[in-house]
2 protein chains.
Amino acid sequence: MPARKPTIDDVAALSGVGRATVSRVLNGGPNVRDEVRARVLEAVEKLQYKVNMQARFLAGGRTQVLGLIYASDLDSEPNSFYHSGLELGALRACTEFGFQLVMHTANQHSLTRATRIIEFVDQSRCDGLILTPPFSDDTDLLEQLQGRNVAVVCISPGEAAQKLASGVGIDDEVAAYELTRHLVGLGHRRFGFLKGLQGHLSAEQRYSGFLRALAQAGIGEDAVVAARGNFTFKSGIELTPGLLKDGQGITALVCANDDMAVGALFSIHKMGLNVPRDLSVVGFDDTPVSEIIWPPLTTVHQPLKAMGYRAVQMIVERVKTGGSAPPPRFEAIAHRVVIRESAAASQPAHV
Amino acid sequence: MPARKPTIDDVAALSGVGRATVSRVLNGGPNVRDEVRARVLEAVEKLQYKVNMQARFLAGGRTQVLGLIYASDLDSEPNSFYHSGLELGALRACTEFGFQLVMHTANQHSLTRATRIIEFVDQSRCDGLILTPPFSDDTDLLEQLQGRNVAVVCISPGEAAQKLASGVGIDDEVAAYELTRHLVGLGHRRFGFLKGLQGHLSAEQRYSGFLRALAQAGIGEDAVVAARGNFTFKSGIELTPGLLKDGQGITALVCANDDMAVGALFSIHKMGLNVPRDLSVVGFDDTPVSEIIWPPLTTVHQPLKAMGYRAVQMIVERVKTGGSAPPPRFEAIAHRVVIRESAAASQPAHV
DNA sequence: GCATTCGTTGGAAGCGCTTCCAATTCCGCT
DNA sequence: AGCGGAATTGGAAGCGCTTCCAACGAATGC
């Protein structure tokens, strides 16, 4: 039963042409008569022939393999959601374009993380690499990758990284701006803001988009009480009481991501306040919990699958054209403000 | 700069031995003098030589590649969590054993799903395959895989599947038994049960473990009101009111998974009841939400990472020994009942 | 009508590695 | 000293594919 798999020579023999011609047909090469092409394809079909990728690479140089790197020490929920989305999108694209997606993790805190990733690239001989945060911000790693012949695309890279490699992400500044406009439209005038990790580009941009919307509505930075969180549920829980105590008059709390928003909700609930009656809360990311929690969270949907898909597409474009590294380019994918029940009109009594 | 990568011949030349000897050293082969071995390793180090996996496969037959298959049309949270856990564990093992993990998805509802997966195996020439639900229960697929020379391990396979391939999972029956014992110990005597998908082995076993614990405590099936859900948050929301209305006296609600439990919590909250004061609720899986929700859910922790790790380990064992298919074997990984606040002592008033 | 191209085709040379097999060396023994 | 076998080692044959290059006939140019 497990008879030897058919090789290109079997196909050549069956269709009565040379091995080179079969190869040409298989790779869509030019200069093959239609009649011959048809004959070869028929033989391929009859033999259930599948090219051997390993052999193809050995001869050709392309592996048609893309690596997707993510941090192995992030195993809490938000990241599993984040990475799954990216991965699913990337996978769809890979299937479509005939590439393979191989996963690799690295310890984000390890000093040798760049080395480990470089090693992976050397070892797997992958044609392309998708870097997710925090690796998409590791300029050191990015520089080392330059010399290697791999197409790199970063997911939500930081500013410095954007100069070194192409990237995809959403426009956090605009998204935050739109989300805030929604709140302003609801009548809110005094805000709390739970910031994300210091130095994290998205975190900073979310804050500046927020401020821009406020400024446009004639609201100054003095109307906002901010606290620096770290994107975790826990920091949401811990920071919220302080914000509400110090910032009298706050009617809306903007969180740099959903996890902190859920933490805030938790904390607010404990304090005996009602959302959205007493306070509106909004998040960022549209994680699954945001829909399940009570009240469902108004947030910004981050199109992870589309991002993963686009990342692969960008790599494939570059690999297919075979050209040398084009100038790095950042591409923003359309986000969407998702309006649910955690944000409502500001109560006159609280203004 | 991107000078040609060193090949095995470069190493052979530098260390002054034959190519075959270098290969032997690289593969830990026997019959090499220590002095020679050291010399070769030194050359490898100096040249920063890395074997070319593609070439190695072409010559040797082993790809050292494992495929991890999951459903592409499951993109809701519970599954992203489930798959990420499995994947992370598998990845750790792959890194450790020097294998590569390549991902592949298939549409679980497509009629050609088995074909697509077979195609993937043929194409990628992977040495092993990890099948996650629902594919781990597809006997048709499993049978087609028999002929192919790949080591297959199923995650939480159904009964029929367990006869066709090895698998790992938790012992759902025992886990449910223990969870129920906990409830009984808390004084509960009348129960609601939200079942999982019909025909799903885990779902059925969770129910029978539950019944066994009840029986052991002298509680008959007449003390339970059950409803058939489908593992989703939504079904939890929809089914709960019916259970509470019809089953007067219920003080504890057992759900076949956390998502339904969270839905139940949601529903119960809407009805103006308090958990755990008026009613205890427990789930199954220990998804991230179960910790974040209020009240935190008492549930069973499913060691996903350990399962993924073990699955790879089983494959590696088989690939390394190179032997033909050993008899299928199911291995249960230790679970853990996680006690949180959603289940408390039964209130006398309600008994 | 003959030389020159162009479109097609097959032969053959590797790609970098494993592994069979024959050759060589090194022992312990007789 | 001489012999057999075990331990080492290198030569060489592929693994299945791409691609360069030469060869061929047909179509074009003058």
Side-chain angles (χ1 to χ4, degrees), chain A residues 2-40 43-44 47-65 98 122-125 127 149 319-320 322, chain B residues 2-40 43-44 47-65 98 122-125 127 149 319-320 322:
Chain A
R4 203 179 92 299
K5 295 210 169 204
T7 72
I8 195 172
D9 287 324
D10 297 327
V11 176
L14 180 60
S15 49
V17 302
R19 185 201 296 183
T21 303
V22 176
S23 177
R24 248 171 245 125
V25 172
L26 258 26
N27 295 290
N31 301 346
V32 177
R33 258 185 312 149
D34 286 348
E35 186 254 320
V36 174
R37 181 186 305 277
R39 196 140 43 86
V40 170
V44 165
L47 292 172
Q48 279 291 300
Y49 168 76
K50 305 268 194 306
V51 287
N52 180 320
M53 297 307 247
Q54 279 75 18
R56 168 176 285 184
F57 162 71
L58 190 53
R62 296 266 73 74
T63 50
Q64 306 264 99
V65 162
D122 285 348
Q123 188 73 65
S124 74
R125 254 83 168 178
D127 286 344
N149 187 32
V319 170
K320 283 270 158 76
Chain B
R4 202 177 94 301
K5 296 209 173 207
T7 73
I8 196 173
D9 287 325
D10 297 327
V11 176
L14 180 60
S15 49
V17 301
R19 187 201 294 184
T21 302
V22 176
S23 177
R24 250 171 243 124
V25 172
L26 259 26
N27 295 291
N31 301 347
V32 178
R33 257 186 312 151
D34 287 347
E35 186 255 319
V36 174
R37 182 186 305 277
R39 195 140 44 86
V40 170
V44 165
L47 291 171
Q48 279 290 299
Y49 168 76
K50 304 267 192 309
V51 289
N52 180 322
M53 297 306 251
Q54 278 74 18
R56 169 176 284 182
F57 162 71
L58 189 53
R62 297 268 72 73
T63 51
Q64 306 264 99
V65 162
D122 285 348
Q123 187 74 63
S124 74
R125 256 83 168 176
D127 287 343
N149 184 32
V319 170
K320 282 270 157 77

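Below, read A as the first sequence line, B as the second, and so on, with proteins coming before strands; counting in each chain starts at 1.
Comparing B:Val17 and A:Thr7 along DNA chain D, the residue whose closest nucleotide (by nearest heavy atom) sits nearer the 5' end is B:Val17. Nearest-nucleotide assignment on DNA chain D puts the 5′-proximal partner with B:Arg33, out of B:Arg33 and B:Ala55.
B:Gln64 places its CD atom 13 Å from the C1' atom of C:dT18, with the value rounded to the nearest Å. Rounded to whole Å, the distance from CG on B:Leu58 to C1' on D:dA13 is 13 Å. Rounded to whole Å, atom C1' of D:dG16 lies 7 Å from atom OH of A:Tyr49. Residue A:Phe57 contributes atom CZ, which lies 10 Å from atom P of C:dC17 at whole-angstrom precision. Spacing between atom CD of B:Gln54 and atom C1' of D:dC17 amounts to 13 Å, rounded to whole angstrom units. Between A:Lys50 atom NZ and D:dC17 atom C1' the separation is 17 Å, expressed in whole Å. If you take CD1 of B:Ile8 and C1' of D:dG10, they are 12 Å apart, rounded to a whole angstrom. For B:Asp9 and D:dA12, the CG to P distance is 13 Å, given to the nearest whole Å.
At the heavy-atom level, B:Asn52 lies under 4.0 Å from the strands shown only through sugar-phosphate atoms.
The side-chain heavy atoms of B:Val65 and B:Met53, taken from C-beta on, include no pair separated by under 4.5 Å. Counting heavy atoms from C-beta outward, B:Ile8 and B:Val51 have side chains that stay 4.5 Å or more apart.
With D:dT18, C:dT9, C:dC15 as the candidates, the nucleotide lying closest to the side chain of A:Val32 is C:dT9.
Taking only side-chain nitrogens and oxygens, A:Arg56 comes nearer than 4.0 Å to OP1 or OP2 of D:dT18. Phosphate contact (OP1/OP2 of C:dT8, side-chain N/O of A:Asn31, threshold under 4.0 Å): present.
Note on residues 10-29 of chain B: pairs passing salt bridge (Lys or Arg N to Asp or Glu O under 4.0 Å), not counting sequence neighbours, are B:Arg4-B:Asp10, B:Asp9-B:Arg19.
Interatomic distance, A:Thr21 OG1 to A:Arg39 CZ, rounded to the nearest 0.5 Å: 9.5 Å. For the atom pair CZ (B:Arg125) and NZ (A:Lys5), the distance works out to 4.5 Å, reported to the nearest 0.5 Å. For the atom pair A:Arg56 CZ and A:Ser23 OG, the distance stands at 7.5 Å (nearest 0.5 Å).
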Collect all protein-nucleotide pairs involving nucleotides 19-27 of chain C in which both atoms are nitrogen or oxygen and the distance is under 3.5 Å.
none

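Nearest heavy-atom pair, A:Phe57 versus B:Asn52, reported as atom, atom and distance to 0.1 Å: CE2-ND2, 3.6 Å.
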